Every structure is written in C-alpha cells, then in structure tokens.
Amino acid sequence: MPNDSTTIPPTSHSLAPSFKQLSRVPLVPEAVLKRHHAYCALDPRYRAAQRLQQALWLKNQGIPTAADDRRATDARSFLGSMLSADAASAGKNFLSADLHRLAIEACLMCEEDALLAPDRLFGHALSSSPLTFNLFGPLAVNLGLARKVFRVLLAGIIDDVQGVIFEHSPGRRSNLSNLPGRDIWLSDRTAADVAVQATSLNGEPVTIFIEVKLSESMGPAARMRERYNEVSRQVLLYRDPNSAVLRSDAVEQLWRLHLLSQLAVDNGVTPRAVFLAVAPQLNTQVWGAFRVYQDELIEPKERGTDRVPFVPLTLETVIDTIAAVGASDLAQALWNRYCDFTEVYRLSMEELTGDKIDAESARAGRAVRATLRPTRRAVSSAARHRTRTAATSSRRSSPAASAEVV
C-alpha cells in the first residue's frame with residue numbers, strides 16, 4: 001500500500017453526482033407525521049423526516065406495516081416505519097429476494113457472540129441494519145461490482161475485492177494470547193457492520209472496516225473498560241489518548257471501532273486496514289460526531305504509515321459511486337428509499353400552505369417561492385438598505401460568522 005494511505009480525503013474521488021440532494025431535511029409538521037403513522041415524540045429533526053420517508057416508501061411499495069397489522073401488540077405497533085409480521089418474514093425490508101436470503105444466511109452463520117438483531121434487521125425499516133445489507137449486500141454477491149466501487153471510493157489504494165463480511169470482529173471477547181487475564185483485543189463485543197477483504201495496488205491484503213448509520217445518532221456509550229484506555233495509549237492515533245471527548249457518547253463508538261481496526265493490524269490479522277464510516281449527509285448529528293472525532297486524531301503526516309486512517313463518507317457519495325460504475329438501477333433504488341425527500345418536502349409544504357404542490361416543482365425546490373404568501377407589509381427600499389447594512393456589520397463582528405455549519 002502506498003505510504004500516503006493515511007491521508008485519504010473524506011471524498012477521494014471526483015465523480016459528478018448522479019442525484020441532487022436537498023440542503024437539509026424538512027422540519028415535518030406533526031400533523032403530517034401523525035397522518036402517516038410516523039410520529040414519535042422523541043425523534044429529532046432528521047430521524048422524524050427519515051421515519052416518514054420509510055413509512056412512505058413502504059406504502060408506495062404496497063408493503064403492509066405494523067400500523068396495518070391488527071394482530072400487533074408491540075408498543076411500536078402504530079408506527080408506519082415498522083413492517084407487519086408477515087411482511088418482515090417475507091423479506092420485504094430488502095430491495096430484492098437475493099438480499100433477503102443473504103441477510104438470513106448472515107444471521108444463520110454469524111460469528112460467535114455477534115450482535116445481529118433479527119427484529120431490527122427484518123422488521124424495522126428505519127434501522128441501519130437493513131440499509132447495511134441493501135447497500136453492501138449487492139457488493140457481497142457481485143465482487144466485480146465491489147471492485148469497481150472501492151476502486152473509486154478508495155482511489156489509489158484498492159485494486160481488488162475478495163469478500164464482504166457482515167457484523168465482523170477480528171477478536172470478539174477473545175484471548176488469543178493464551179495468557180490468563182490478558183486480552184490482545186478489546187474484551188467486548190465491538191464489531192464492524194461490514195468488513196471488506198481487499199487487495200492494495202501493490203498486492204497487500206487490506207481490510208476495510210465499515211460503520212453504517214442511517215437515522216441513528218451516536219451512542220449510547222458502552223460500559224467503560226480499562227482495556228479501552230490501554231489500547232487508546234497504545235495505538236498512536238490520538239492527539240490526547242486520554243481525552244474525555246473520545247469517551248463521550250458522541251464519538252465513543254467511533255473510538256472503539258478505530259481501536260479495533262488498528263489492533264487488527266498490530267496483531268497481524270491484516271497488514272493494512274481502513275476505518276470507513278458512512279452516514280447520510282443530512283444527518284447532521286452523526287456528521288458532527290465524525291468531525292469532532294477527526295479533530296481528536298493526530299495529523300496524517302505525523303502518523304506512521306501503518307496507522308489505520310479514518311475515512312468518513314456520505315451515503316450519497318456511495319450511492320453516486322454505485323451509479324457511476326454502471327449499477328444505475330441499484331443506485332436509483334437506494335436513492336429512492338433512503339435519500340429522496342421530495343415527497344416528505346411536498347407533503348410538508350402542502351400542510352403549511354394549503355396548496356397542492358406538484359412533484360416536479362417539489363423536486364426542483366421551486367415550491368417555496370411558488371406558494372408562500374407575504375405575511376408582512378412591504379418594507380421601503382431605505383429600510384431594506386438599513387437592514388442589510390446592519391446584518392452585514394453584525395456578521396463581520398461575530399466570531400461565529402465564519403464557523404462551519406454542521
């Protein structure tokens with residue numbers, strides 16, 4: 001692997017995007033959420049919009065939900081983002097029958113002590129578990145496609161792909177040292193959602209450990225173990241390996257997964273590794289955590305070439321890459337299910353304006369200009385000038401004016 005492998009940028013390719021994303025998810029009115037059985041009082045903004053998106057997708061696909069299942073007794077049975085028992089059993093949470101079969105096999109042949117939750121995987125449309133199989137399952141069954149995708153996502157590093165494993169840990173609660181009381185891993189159940197077995201440009205094996213998020217925020221944190229502290233100081237990845245930030249709910253999971261990825265290299269499981277994190281670009285809570293975690297890492301030029309890089313990628317980037325390498329139908333199906341908030345936006349606008357919004361206008365983002373009516377009296381040109389002058393002065397004097405919005 002080239003020595004600059006630790007300096008992979010967050011988006012290491014220059015493909016033109018195949019799909020256009022909104023600037024942010026709509027703040028969906030409560031009435032719309034309730035009408036579509038997608039209201040949960042605890043949902044933050046992105047999760048509420050994504051829950052509605054999943055409820056709408058299930059409805060559009062003709063898939064019965066828990067809200068339709070009169071036999072359901074679960075406390076969440078009113079939610080339209082939960083599949084009915086029969087639909088879950090029939091594999092309707094997946095984009096194809098082949099992916100359903102792959103998920104069954106992954107559960108059946110899972111590693112010892114693995115944390116695959118069948119209820120979330122088969123019955124919960126909002127979970128990242130089915131997203132993981134819908135996104136990376138097609139690559140698992142078509143290694144040629146996987147090769148093309150990772151050659152783009154990790155350009156200049158990956159040459160070939162030999163396999164894709166789900167819910168993988170190189171050392172889950174294992175003591176491979178054979179010494180009493182000494183575990184060379186993390187002494188817990190930490191595992192990657194996906195592990196891709198690949199080959200670098202110079203023929204070395206590379207393992208890509210991947211964490212996938214959809215609507216979830218980060219956390220809650222695992223029970224703190226002294227082993228985490230030991231490994232944090234051992235792996236030479238952090239500005240301050242004792243930092244409280246690394247142990248916070250927001251980034252603790254990223255910390256553990258990165259530790260595990262580096263231990264896989266240090267313990268000789270793989271010569272090289274990459275820790276890849278994937279989340280929708282509009283899930284600002286998760287992307288905020290990604291940025292906070294990046295700030296805790298030693299600068300790439302100061303790390304050893306055998307240290308595992310952290311590479312955050314948007315879900316949209318992965319889908320765009322799948323489209324760019326020729327799997328346009330798969331990319332479109334993924335985009336329609338997880339990233340296209342046009343209908344969520346349209347329903348929200350109609351609720352607030354009382355006007356019908358056609359899908360094309362909603363998709364083009366013209367609905368706001370077309371439907372919002374003036375709510376205040378006209379302001380004179382002199383008053384507008386004073387307002388703009390004051391706003392400009394305020395921005396220039398504010399230290400937060402140039403801060404990046406996450």
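Counting from 1, the numbers follow the sequence of the chain as shown. The structure displayed is predicted, hence computed values, not measured ones.
- By the neighbour-count criterion of 12 heavy atoms within 6.0 Å, atom CG of Asp240 is densely surrounded, having more than that number from other residues, nucleotides or ligands.
- Within the 4.5 Å cutoff, the side chain of Asp193 has no heavy atoms near those of the Ile210 side chain.
- Without hydrogens or angle criteria, Ser128 side chain to Leu131 main chain gives no donor-acceptor distance under 3.5 Å.
- The shortest side-chain heavy-atom distance between Ile158 and Val206 falls under the 4.5 Å cut-off.
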**Request:** Test side chain to side chain contact (heavy atoms under 4.5 Å, CB included) on Leu334 and Leu135 and set out the steps.
**Result:** CA-CA 7 Å; Leu334 288 164; Leu135 185 62; 3.8 Å; yes

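- In the model, Ser200 has a side-chain atom that pairs as donor or acceptor with a side-chain atom of Asn202 under 3.5 Å.
- Checked by atom type, the side-chain pair Arg47/Asn283 shows no donor-acceptor distance below 3.5 Å.
- Across all their heavy atoms, Leu102 and Phe166 have their closest contact at CD2-CE1, 3.8 Å.
- Dense packing is recorded around CZ of Arg239, with more than 12 heavy atoms of other residues, nucleotides or ligands lying under 6.0 Å away.
- For Arg225 (side chain) and Ser187 (main-chain N/O), a donor-acceptor pair under 3.5 Å exists by modelled atom type.
- For the atom pair CG of Leu259 and CZ of Arg227, the computed distance is 9.5 Å after rounding to the nearest 0.5 Å.
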**Asked** Run the side chain to side chain donor-acceptor pair (under 3.5 Å) check on Thr342 and Asp340 step by step: do they pass?
**Response** CA-CA 6 Å; Thr342 302; Asp340 185 0; 2.5 Å; yes

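- Going from atom CG of Leu153 over to atom CD1 of Ile322 covers 8.0 Å, rounded to the nearest 0.5 Å.
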**Item:** Test log, rule side chain to side chain donor-acceptor pair (under 3.5 Å), inputs Thr199 and Gln162
**Value:** CA-CA 8 Å; Thr199 306; Gln162 288 77 42; 2.8 Å; yes

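- A salt bridge links Asp159 with Arg151: the closest approach of a Lys/Arg side-chain nitrogen to an acidic carboxylate oxygen falls below 4.0 angstrom.
- Side chains of Arg256 and Thr190: a donor on one and an acceptor on the other come within 3.5 Å.
- Remark: the backbone N or O of Thr65 is paired with a side-chain donor or acceptor of Asp68 at under 3.5 angstrom.
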**Message:** Pair Glu30, Lys34 - check salt bridge (charged side-chain N to carboxylate O under 4.0 Å, His left out), show working.
**Reply:** CA-CA 6 Å; Glu30 184 176 310; Lys34 289 182 175 178; 2.7 Å; yes

**Request:** May I have the step-by-step check of side chain to side chain contact (heavy atoms under 4.5 Å, CB included) for Gln50 and Leu126, ending in yes or no?
**Result:** CA-CA 7 Å; Gln50 185 63 254; Leu126 194 63; 3.6 Å; yes

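- In plain terms, the two heavy atoms of Leu330 and Pro138 that are nearest each other are CD2-CB, 3.5 Å.
- Under the 3.5 Å distance criterion, with hydrogens and angles disregarded, no donor-acceptor pair is assigned to the side chains of Glu111 and Ser169.
- Residues Arg189 and Ala114 come closest through the heavy atom pair NH2-O, 3.7 Å.
- The shortest side-chain heavy-atom distance between Leu352 and Pro29 falls under the 4.5 Å cut-off.
- Leu139 places none of its side-chain heavy atoms less than 4.5 Å from the side chain of Val161.
- Judged by distance alone, the side chain of Ser232 and the main-chain N or O of Tyr228 form no donor-acceptor pair under 3.5 Å.
- Between the CZ atom of Phe150 and the CG atom of Leu276 there is a distance of 6.5 Å, given to the nearest 0.5 Å.
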**Worked verdict on Val278 versus Thr132 for side chain to side chain contact (heavy atoms under 4.5 Å, CB included)** = CA-CA 10 Å; Val278 177; Thr132 299; over 6 Å; no

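- Within a 6.0 Å sphere centred on CE of Met224, other residues, nucleotides and ligands contribute more than 12 heavy atoms.
- Considering all non-hydrogen atoms of both residues, Gln281 and Trp287 come closest at CA-NE1, 3.8 Å.
- The shortest distance between side-chain heavy atoms of Cys107 and Phe122 falls below 4.5 Å.
- No donor-acceptor distance shorter than 3.5 angstrom exists from the side chain of Arg337 to the backbone of Asn134, with no hydrogens or angles considered.
- Using a 4.5 Å heavy-atom threshold, the side chains of Val251 and Glu296 count as separate.
- Checked by atom type and distance alone, the side chain of Thr314 pairs as donor or acceptor with a backbone atom of Thr317 at under 3.5 Å.
- Looking only at side-chain heavy atoms (C-beta outward), Pro312 and Gln294 come within less than 4.5 Å of each other.
- To the nearest 0.5 Å, the span separating CG on Leu282 from CZ on Arg24 amounts to 9.5 Å.
- Using a cutoff of 4.0 Å between basic side-chain nitrogens and carboxylate oxygens, Glu299 and Arg303 are not scored as salt-bridged.
- There is a side-chain donor-acceptor pair under 3.5 Å between Arg51 and Ser81.
- At a threshold of 4.0 Å, the pair Glu216-Lys213 does not count as salt-bridged, since none of the basic side-chain nitrogens sits closer than that to a carboxylate oxygen.
- In summary, the side chains of Gln21 and Glu316 do present a donor paired with an acceptor at a separation below 3.5 Å, with no hydrogens or angles considered.
- Scanning both residues, Leu116 and Cys110, for their nearest heavy atoms gives CD1-CB, 4.2 Å.
- Smallest separation of non-hydrogen atoms from Pro130 and Leu121: CB-O, 3.7 Å.
- The ring of His258 has its center closer than 6.0 angstrom to the ring center of Tyr293.
- Rounding to the nearest 0.5 angstrom, the gap separating the CD atom in Gln53 from the OH atom in Tyr338 is 10.5 Å.
- Side-chain rings of Phe310 and Phe275 approach one another, their centers coming within less than 6.0 Å.
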**Prompt:** Can you check side chain to side chain contact (heavy atoms under 4.5 Å, CB included) on Leu186 and Leu263, steps first, answer last?
**Reply:** CA-CA 9 Å; Leu186 292 181; Leu263 285 176; 3.9 Å; yes

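- Checked options Asp266, Leu260, Val308; the residue passing with Val235 is Asp266 (criterion: side chain to side chain contact (heavy atoms under 4.5 Å, CB included)).
- Of the N and O atoms on the side chains of Ser89 and Asp86, not one donor lies less than 3.5 Å from an acceptor on the other residue.
- Salt-bridge formation is detected for the pair Glu226/Arg233: a Lys NZ or Arg NE/NH1/NH2 atom is positioned less than 4.0 Å from an Asp or Glu carboxylate oxygen.
- No side-chain heavy atom of Glu167 sits less than 4.5 Å from a side-chain heavy atom of Val194.
- Between the Asn267 side chain and the Ile184 main chain, a donor and an acceptor come within less than 3.5 Å of each other.
- If you check the side chains of Gln234 and Glu230, you find no donor sitting under 3.5 Å from an acceptor.
- Taking CD from Gln61 and CG from Leu58, the interatomic distance works out to 8.0 Å, rounded to the nearest 0.5 Å.
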